[in-house]
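Input: a single structure, listed below in structure tokens.
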Amino acid sequence: MKPIFLGEVYDILPLNNGIVFSYCKEKTEENVTVAYKMISFDNGRFTDVAKNIYLLTKFGNNYRAIAPRCENYITAKAVLLPNGGAFVLEDGGKACLIDADSSPIWTGEMIYRGQTAADVMLYKNVIWACYPACNVLLRYNLSTMREEMRIGGNQSPFDHPVALFCRGDEVMVSNKGSQKLIRFHLKNYSVFEEESFEEPLYQYVCVDDKRFVLLQSGLYLI
């Protein structure tokens, strides 16, 4: 593994040919200063970027309308939809489906057995969510937001799953508890252990052939 940025990184957002990430620039007892960096694979540059670049990447073209809806746009999770809308999950399980005109279509809570979802992703016409405290992944119908399927539970391959990354028909599940990256096939529901780490795993992102993980100590290229 190659360290990219050591420190407190909040999230990684994939670009067409690079990544953007948010990080703690300065922390005091009363305030946290957040800043943003971008890595471009075209020229290998590692540069500071403005907040608007981060928000555009996270929430899409309607970020000026969507971001103010969030209590905390850094910790909020967003899925950009093919129709120009977005699905946003916030701390506490509050969720909102937003159309291309930035109007809310559905609002509700993503809570399972009293526990809140940590991350969401889109696969075809469904939303998958991970629930760390329950060690499960749940599938929701995007039209009705009703639960359709559950993977995990008492005999679960997941251990405190906190982040999802979908590519093709597979999702990479980042497990904070077991410190393992689990590959889950969305067609046949097979599960494989992809990689193990020596500290808690918070996020995985793959762009082209470059794979990044967010660990407790910072951002790494694997």
Side-chain angles (χ1 to χ4, degrees), residues 11 13-14 55-176 182-191 202-206:
D11 63 345
L13 305 177
L55 294 178
L56 174 64
T57 306
K58 189 167 196 172
F59 298 111
N61 292 330
N62 291 330
Y63 72 90
R64 289 185 178 88
I66 297 175
R69 293 179 180 271
C70 301
E71 293 181 7
N72 186 331
Y73 63 80
I74 295 292
T75 58
K77 309 296 182 181
V79 174
L80 302 184
L81 305 178
N83 64 1
F87 187 92
V88 179
L89 170 69
E90 297 192 65
D91 291 342
K94 179 182 175 182
C96 186
L97 179 61
I98 302 168
D99 66 15
D101 295 326
S102 305
S103 301
I105 303 172
W106 172 89
T107 57
E109 293 183 320
M110 302 192 77
I111 296 178
Y112 175 73
R113 294 188 174 179
Q115 304 297 324
T116 59
D119 196 14
V120 288
M121 66 164 216
L122 177 70
Y123 175 68
K124 296 184 178 180
N125 63 339
V126 300
I127 288 284
W128 282 90
C130 60
Y131 289 80
C134 303
N135 294 328
V136 302
L137 270 58
L138 295 185
R139 190 181 79 186
Y140 293 86
N141 184 301
L142 189 57
S143 299
T144 63
M145 283 311 297
R146 291 180 179 175
E147 179 189 331
E148 294 183 330
M149 178 178 288
R150 173 176 59 86
I151 303 293
N154 293 333
Q155 301 295 324
S156 179
F158 313 116
D159 184 355
H160 209 83
V162 292
L164 307 172
F165 181 82
C166 185
R167 194 175 198 184
D169 294 321
E170 294 182 331
V171 54
M172 295 298 195
V173 184
S174 298
N175 292 270
K176 179 182 173 183
I182 300 294
R183 177 161 50 96
F184 172 53
H185 202 284
L186 293 162
K187 283 191 172 181
N188 59 24
Y189 308 117
S190 56
V191 178
Y202 291 99
Q203 192 180 359
Y204 167 92
V205 167
C206 181

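Please read all numbers here as calculations on a predicted model, not as lab measurements. Values below: all heavy atoms of this structure, side chains included; hydrogens, waters and symmetry mates excluded.
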Just distance, no hydrogens or angles: give the donor-acceptor pairs under 3.5 Å from side chains in residues 130-137, sequence neighbours left out.
residue, atom, partner, partner atom, Å
Tyr131, OH, Tyr140, OH, 2.6
Asn135, OD1, His160, N, 2.7

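Contact record, Val120 with Ala129: CG1-CB, 3.9 Å, taken as the closest heavy-atom pair. Nearest heavy atoms, Ala118 versus Val162: CB-O, 3.8 Å. Counting all heavy atoms, side chain and backbone alike, Tyr73 lies closest to Leu55 at CD1-CD2, 3.5 Å. Residues Cys166 and Leu186 share a closest heavy-atom pair of SG-CD1, 3.9 Å. Between Leu122 and Pro82, the closest heavy-atom pair is CD2-CD, 3.8 Å. When every heavy atom of Ser174 is checked against every heavy atom of Tyr204, the shortest pair comes out as OG-N, 3.3 Å.
Without hydrogens or angle criteria, Asn83 side chain to Gly85 main chain gives a donor-acceptor distance under 3.5 Å. One N or O on the side chain of Lys58 and one on the backbone of Ala76 form a donor-acceptor pair closer than 3.5 Å. Side chain of Glu90 to backbone of Glu71: a donor-acceptor contact under 3.5 angstrom is found. Judged by distance alone, with hydrogens and angles left aside, the side-chain atoms of Arg183 form no donor-acceptor pair with the main-chain N or O of His185 at under 3.5 Å.
For the atom pair Leu138 CG and Glu147 CD, the distance stands at 4.5 Å (nearest 0.5 Å). Going from atom CG of Asn72 over to atom CG of Asp91 covers 6.5 Å, rounded to the nearest 0.5 Å. A distance of 6.0 Å separates CD in Glu170 from CE in Met172, rounded to the nearest 0.5 Å. In this structure, CZ on Phe158 lies 7.0 Å from CD1 on Ile151, to the nearest 0.5 angstrom. The distance from the CD1 atom of Ile111 to the NZ atom of Lys94 is 12.5 Å, given to the nearest 0.5 Å. Here the straight-line distance linking atom CE of Met110 with atom CE of Met145 works out to 4.5 Å at 0.5 Å rounding.
Looking at heavy atoms from C-beta onward, Leu81 lies in side-chain contact with Leu97 at the 4.5 angstrom threshold. Using a 4.5 Å heavy-atom cutoff, the side chains of Tyr202 and Lys176 are in contact. Within the 4.5 Å cutoff, no side-chain heavy atoms of Phe184 are placed close to those of Pro157. Looking only at side-chain heavy atoms (C-beta outward), Ile127 and Phe87 come within less than 4.5 Å of each other. Val171 has its side chain within reach of Met121: a pair of non-hydrogen atoms, C-beta onward, lies under 4.5 Å apart. Side-chain contact between Leu89 and Thr116 is absent, with no heavy-atom pair separated by less than 4.5 Å. Residues Ile98 and Ile105 form no side-chain contact, since every pair of their non-hydrogen atoms from C-beta on lies 4.5 Å or further apart.
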Inset, instruction - Just do the side chain to side chain donor-acceptor pair (under 3.5 Å) check on Ser103 and Asp101 with the steps written out, would you? - result: CA-CA 6 Å; Ser103 301; Asp101 295 326; 5.8 Å; no
Inset, instruction - Evaluate the side-chain contact (heavy atoms from CB on, under 4.5 Å) criterion for residues Trp128 and Asp119: first the C-alpha distance (whole Å), next the side-chain angles of each, then the deciding distance (0.1 Å), finally the verdict. - result: CA-CA 8 Å; Trp128 282 90; Asp119 196 14; over 6 Å; no
Inset, instruction - Could you please spell out the steps behind the side-chain contact (heavy atoms from CB on, under 4.5 Å) verdict for Val173 and Leu164? - result: CA-CA 5 Å; Val173 184; Leu164 307 172; 4.0 Å; yes
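Annotation: side-chain hydrogen bond (donor to acceptor under 3.5 Å, both in side chains) contacts of Asn61 (sequence neighbours excluded): none.
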